[in-house]
Amino acid sequence: MDIEAKYRMASLYVGDLHADVTEDLLFKKFSAAGPVLSIRICRDVVTRRSLGYAYVNFLQLADAQKALDTMNFDMMKGRSIRLMWSQRDAHLRKSGVGNVFIKNLDKSIDNKTLHEHFSAFGKILSSKVMSDDQGSKGYGFVHFQNQSAADRAIEEMNGKLFKDCRVFVGRFKSRKDREAELRSKASSAFTNVYIKNFGDHMDDERLKEVFSKYGNTLSVKVMTDSSGKSKGFGFVSFDSHEAAKKAVEEMNGKAINGQPIFVGRAQKKGERQAELKQMFEQMKKERIRGRQGVKLYIKNLDDTIDDEKLRKEFSSFGSISRVKVMQEEGQSKGFGLVCFSSSEEATKAMAEMNGRILGSKALNIALAQRHN
DNA sequence: TTTGAGCGG
């Protein structure tokens with residue numbers, strides 16, 4: 001076994017770090033568990049700001065185990081640190097296998113209590129009670145090493161009292177999955193229909209007349225301003241999902257008062273707001289990207305590569321707004337950045353140049369992480 | 001009410 005493989009086995013990942021936590025601070029803390037070979041706080045290559053996680057490499061596996069058992073969730077700079085075995089293979093983390101979501105947690109339940117309690121069902125990779133400065137947010141996550149442990153936890157704990165609260169325990173679903181699930185549930189049963197763009201000349205009677213042909217209506221309402229004038233949109237509530245569905249299918253895009261109307265499932269205010277917010281943020285992101293261009297981090301640069309040479313190598317992929325090889329005392333630090341004006345150019349450059357040998361070394365290219 | 005974030009040299 002080579003040295004690297006040996007110490008990798010005694011490596012802990014330390015997450016949720018306050019940006020002010022230093023290597024020195026970590027070294028002092030973890031040395032209490034046993035001799036520490038090295039510490040690495042991961043930092044932004046340009047700003048050197050902490051990315052909020054670090055590695056602690058012990059000489060002895062048993063010491064790493066001891067640290068994991070005794071120091072998880074300890075406070076550093078006012079934040080609870082989260083320890084895991086260093087696991088380079090992202091598969092388990094990304095796949096969500098074994099990940100459990102818990103809500104309606106009693107506010108007194110903290111990270112350690114949650115961890116201890118759920119340890120009864122199997123080995124835990126990572127767990128956390130979500131919190132803010134007010135304390136627990138009342139929900140959290142326990143990621144088990146395997147699905148069978150997760151299933152046991154769900155089976156045994158869902159709907160049970162934990163401290164003074166009856167908790168929900170279920171498989172973790174990503175926000176995207178969950179939203180899609182809610183949408184499909186809502187769209188398979190809706191009876192309320194939203195109609196817009198029918199202009200000023202519309203009243204309840206007329207709207208009812210138009211939509212009654214799809215089924216029984218329970219209520220029909222054209223929304224009006226204080227003077228009683230139509231706001232151009234309204235709602236029709238049917239007594240069956242079939243009628244509502246048919247109304248949407250047949251009336252969406254049809255012309256009323258000479259203009260095409262929109263007809264769709266009526267969303268709850270919060271749902272619509274969330275959708276708009278997401279759209280708005282997406283647009284904002286694209287605007288910012290359009291203005292700033294897309295930054296690529298170029299790592300593993302040969303020492304002989306300077307700004308000039310780097311620009312030359314990447315110029316064929318598009319217009320470059322900025323090139324920088326990081327230097328220290330006139331010496332290349334072995335990494336730099338290239339900023340393209342569009343994501344298409346950057347993507348192309350990355351696809352073609354990643355792994356390319358320049359000088360004596362193979363380029364390692366990554367998209368720049370975004371902050372704030 | 002509440003379905004994270006996260007892996008180097």
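We name chains A, B, ... by the order of the sequence lines, and we start the count at 1 in each one. These numbers were taken from a predicted model, which means no experiment stands behind them.
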Show the atom names and distances, to 0.1 Å, of all donor-acceptor pairs under 3.5 Å that link a side chain in residues 355-367 of chain A to residues at least two apart or in another chain.
from, atom 1, to, atom 2, distance (Å)
A:R356, NH2, A:E352, O, 3.4
A:S360, OG, A:D302, OD2, 2.6

Can a donor-acceptor pair under 3.5 Å be found between the side-chain atoms of A:N57 and the base atoms of B:dG8? yes
Within the modelled atom types, does a donor on one side and an acceptor on the other bring the side chain of A:R88 and the base of B:dG8 under 3.5 Å apart? yes
Does anything in residues 164-185 of chain A come within less than 4.0 Å of DNA chain B? Heavy atoms only, and list the residues if so.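 A:F168, A:R171, A:F172, A:K173, A:R175, A:R178, in order of number.
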At under 4.0 Å between heavy atoms, what does A:D89 touch on the DNA or RNA strands: base, sugar-phosphate, or nothing?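 Touches nothing.
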How would you label the contact of A:N99 with the nucleic acid (heavy atoms, under 4.0 Å): base, sugar-phosphate, or nothing?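 Since a base atom lies under 4.0 Å of A:N99, the category is base.
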Length of the [atom1]-[atom2] vector between [X] and [N], whole Å:
X: A:L105; N: B:dT1; atom1: CG; atom2: C1'; answer: 13 Å
X: A:D132; N: B:dG4; atom1: CG; atom2: C1'; answer: 14 Å
X: A:R93; N: B:dT3; atom1: CZ; atom2: C1'; answer: 19 Å
X: A:N364; N: B:dG8; atom1: CG; atom2: C1'; answer: 11 Å
X: A:Y13; N: B:dG4; atom1: OH; atom2: C1'; answer: 11 Å
X: A:L12; N: B:dG8; atom1: CG; atom2: C1'; answer: 14 Å
X: A:N104; N: B:dT1; atom1: CG; atom2: P; answer: 8 Å
X: A:K128; N: B:dT2; atom1: NZ; atom2: P; answer: 19 Å

Checking A:K103 against A:F168: charged group under 6.0 Å from the ring centre and within 45 degrees of the axis?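 Yes - A:K103 lies over the ring of A:F168, closer than 6.0 Å to its centre and within 45° of its axis.
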Between A:F335 and A:Y297, is the gap from one ring center to the other below 6.0 Å?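 A:F335 vs A:Y297: aromatic centres not under 6.0 Å.
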Aromatic contact, A:Y53 with A:Y13 (centres under 6.0 Å):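 Distance test on ring centres: under 6.0 Å, yes.
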Taking syn as within 90° of 0 and anti otherwise, name the glycosidic form of B:dG4.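 You should classify B:dG4 as syn.
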When you check the side-chain N and O atoms of A:S148 and A:N146, is any donor under 3.5 Å from an acceptor? yes
B:dG4 base stacked by A:F141 (centroids within less than 5.5 Å, tilt under 30°): yes
Kindly confirm whether the side-chain ring of A:Y139 is stacked on the base of B:dT2, judged by centres under 5.5 Å and planes under 30°.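 The base of B:dT2 is not stacked with A:Y139 (the test needs centres under 5.5 Å and planes under 30°).
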Electrostatic pair A:E181-A:K176, nearest N-O below 4.0 angstrom: no
Test salt bridge (Lys or Arg N to Asp or Glu O under 4.0 Å) applied to A:K29 - qualifying residues, sequence neighbours left out: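 Residues passing salt bridge (Lys or Arg N to Asp or Glu O under 4.0 Å) with A:K29: A:D74.
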Select from A:L125 and A:K137 the residue whose nearest nucleotide in DNA chain B is closer to the 5' end of that strand. A:K137
Considering only B:dC7, B:dT3, B:dG4, which nucleotide approaches the side chain of A:Y55 most closely? B:dC7
